[in-house]
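Can you keep this structure in mind? I'll have questions shortly.
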Amino acid sequence: GAWVMTDSRQTHTPDDEKAHRVAVKIAQRVMSPPRLLPLPLLQWFRRKRALRLGAVGFKVRADDGVKLDALYLPPLAEDLTKLPVVHNHGYFEHKEAHLCSAWALGARGHGVILYDHRHHGRSKGRYITFGVKERHDVRAVIDHAVREKWVKDKVITMGFSLGAGTMLQHAAMDDRVAGVVAKAPFL
């Protein structure tokens, strides 16, 4: 039984309550995916290699207090006139999965900032919000990069899947974004 109408008011049946509980459990799983076991080991090796090659690890506190883990890769080329890139990963990924594209950008003269979304990789947080809070996290990362003098006034943002959608949402609210590279955005 679905809805029962009595006196122009809707009431719920026990089946509706059960369906609601199941829907809530599914939503909680999607918003808080399990952290996969093989990723931390692979992530650790990639991070160590990046730090050995000159990357700088740092933490950023988001507006709501969640700690985000990040890496800054200085430009490898002599041309320091190119805009820095803030790069971000997809759902169920971590920043170290995109180190190859970050090194390629660095070889072309871009400084690159990679960070883990909340509840991904080495970042804290219990849930992801598919851009609702993540777009503000990008601003916190850029603010930190400005304080460190890695970013002067403009950046290019780049993301894959969840990261691409987040970067598009963020670009609409931050004048420092000169361009967005959105690879397979969820929208």
Side-chain angles (χ1 to χ4, degrees), residues 30-62 65-77 82-131 133-148 150-151 155-171 177 179-186:
V30 169
M31 300 296 278
S32 182
R35 296 186 186 247
L36 302 176
L37 293 178
L39 289 180
L41 186 59
L42 179 62
Q43 177 187 8
W44 183 83
F45 281 116
R46 287 180 176 169
R47 181 182 181 85
K48 287 292 185 190
R49 181 171 180 251
L51 294 171
R52 220 176 26 252
L53 293 172
V56 177
F58 64 98
K59 302 269 188 206
V60 175
R61 188 173 295 276
V66 172
K67 288 182 184 173
L68 306 172
D69 190 74
L71 288 172
Y72 171 67
L73 287 67
L76 302 174
K82 296 193 176 174
L83 292 176
V85 175
V86 178
H87 193 309
N88 153 324
H89 60 80
Y91 186 61
F92 260 95
E93 286 190 313
H94 51 84
K95 65 186 171 302
E96 288 82 3
H98 295 272
L99 278 170
C100 288
S101 60
W103 290 121
L105 289 165
R108 289 168 178 78
H110 298 276
V112 180
I113 299 162
L114 294 146
Y115 74 96
D116 285 325
H117 280 294
R118 53 184 59 228
H119 192 73
H120 283 79
R122 296 169 58 103
S123 288
K124 302 297 182 194
R126 188 165 178 201
Y127 298 106
I128 60 170
T129 63
F130 295 98
K133 292 185 178 182
E134 288 82 359
R135 65 183 169 197
H136 301 290
D137 296 348
V138 180
R139 185 183 65 233
V141 169
I142 294 172
D143 289 345
H144 181 88
V146 168
R147 284 191 300 277
E148 293 292 329
W150 299 329
V151 171
V155 297
I156 298 168
T157 59
M158 178 176 177
F160 174 75
S161 184
L162 172 62
T166 299
M167 293 307 195
L168 289 169
Q169 292 175 49
H170 171 260
V177 178
V180 179
V181 178
K183 298 186 287 184
F186 82 94

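Positions are given from 1 along the sequence.
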4.5 Å side-chain heavy-atom contact, Tyr72 and Glu148: no
In Å and rounded to the nearest 0.5 Å, what is the CG to OG1 distance from Asp137 to Thr166?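 Answer rounded to 0.5 Å: 8.5 Å.
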Pair Tyr115 and Phe58, ring centroids less than 6.0 Å apart: no
Looking at every non-hydrogen atom in both residues, tell me the closest pair between Gly111 and Pro75 and how far apart they are.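 In this case the closest contact between Gly111 and Pro75 is CA-CD, 3.7 Å.
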Between Leu105 and Lys82, is a side chain to side chain contact (heavy atoms under 4.5 Å, CB included) present by the stated rule, with each step listed? CA-CA 10 Å; Leu105 289 165; Lys82 296 193 176 174; over 6 Å; no
Can you list the steps and then say if Leu71 with Val112 is a side chain to side chain contact (heavy atoms under 4.5 Å, CB included)? CA-CA 8 Å; Leu71 288 172; Val112 180; over 6 Å; no
Would you mind reporting whether Arg49 and Glu96 have side-chain heavy atoms less than 4.5 Å apart?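 No; the side chains remain at least 4.5 Å from each other.
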If we only count heavy atoms from C-beta on, is the Val138 to Glu134 side-chain gap below 4.5 Å? no
If you measure from the Lys or Arg side-chain nitrogens to the Asp or Glu carboxylate oxygens, is any gap between Arg47 and Asp116 under 4.0 Å? no
Can you give me the closest heavy-atom contact between His117 and Leu68, atom names plus distance? C-CD2, 4.4 Å
Closest non-hydrogen atom pair, Pro185 against Leu168: CB-CD1, 4.0 Å
Decide yes or no for Lys95 and Asp69: does some side-chain heavy atom of the first lie under 4.5 Å from some side-chain heavy atom of the second? yes
Side-chain donor/acceptor of His119 to backbone N/O of Lys124, under 3.5 Å: no
Could you state the interatomic distance from CE (Met158) to CG (Leu114), rounded to the nearest 0.5 Å? 9.5 Å
What distance separates Gln169 CD from Thr157 OG1, expressed to the nearest 0.5 Å?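 Interatomic distance, Gln169 CD to Thr157 OG1, rounded to 0.5 Å: 11.5 Å.
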Does a sphere of radius 6.0 Å around NZ in Lys48 hold more than 12 heavy atoms from other residues, nucleotides or ligands, not counting ones at 6.0 Å or beyond? no
If you look at every heavy atom in Ala184 and Ala164, which pair is closest and at what distance?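 Looking at all heavy atoms of both residues, the closest pair is C-CB, 4.5 Å.
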Determine whether a donor-acceptor pair (N or O, by modelled atom type, separation under 3.5 Å) exists between the side chain of Arg108 and the backbone of Ala104.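 Here the side-chain-to-backbone pair exists.
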Output the distance between atom NE2 (His170) and atom CE (Met167), rounded to the nearest 0.5 Å.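 So the NE2 of His170 and the CE of Met167 are separated by 8.0 Å.
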Between Ala62 and Ala140, the two heavy atoms sitting closest are CA-CB, 4.3 Å
Could you check whether atom NZ of Lys183 has more than 12 heavy atoms from other residues, nucleotides or ligands sitting under 6.0 Å from it? yes
Would you please test His144 and Ile113 for side chain to side chain contact (heavy atoms under 4.5 Å, CB included) and show each step? CA-CA 11 Å; His144 181 88; Ile113 299 162; over 6 Å; no
Quick one: CH2 on Trp150 to CG on Leu73, what's the gap to the nearest 0.5 Å? 10.0 Å
OG of Ser101 to NE2 of His89: how many Å apart, nearest 0.5 Å?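 Rounded to the nearest 0.5 Å, the OG-NE2 separation comes to 12.5 Å.
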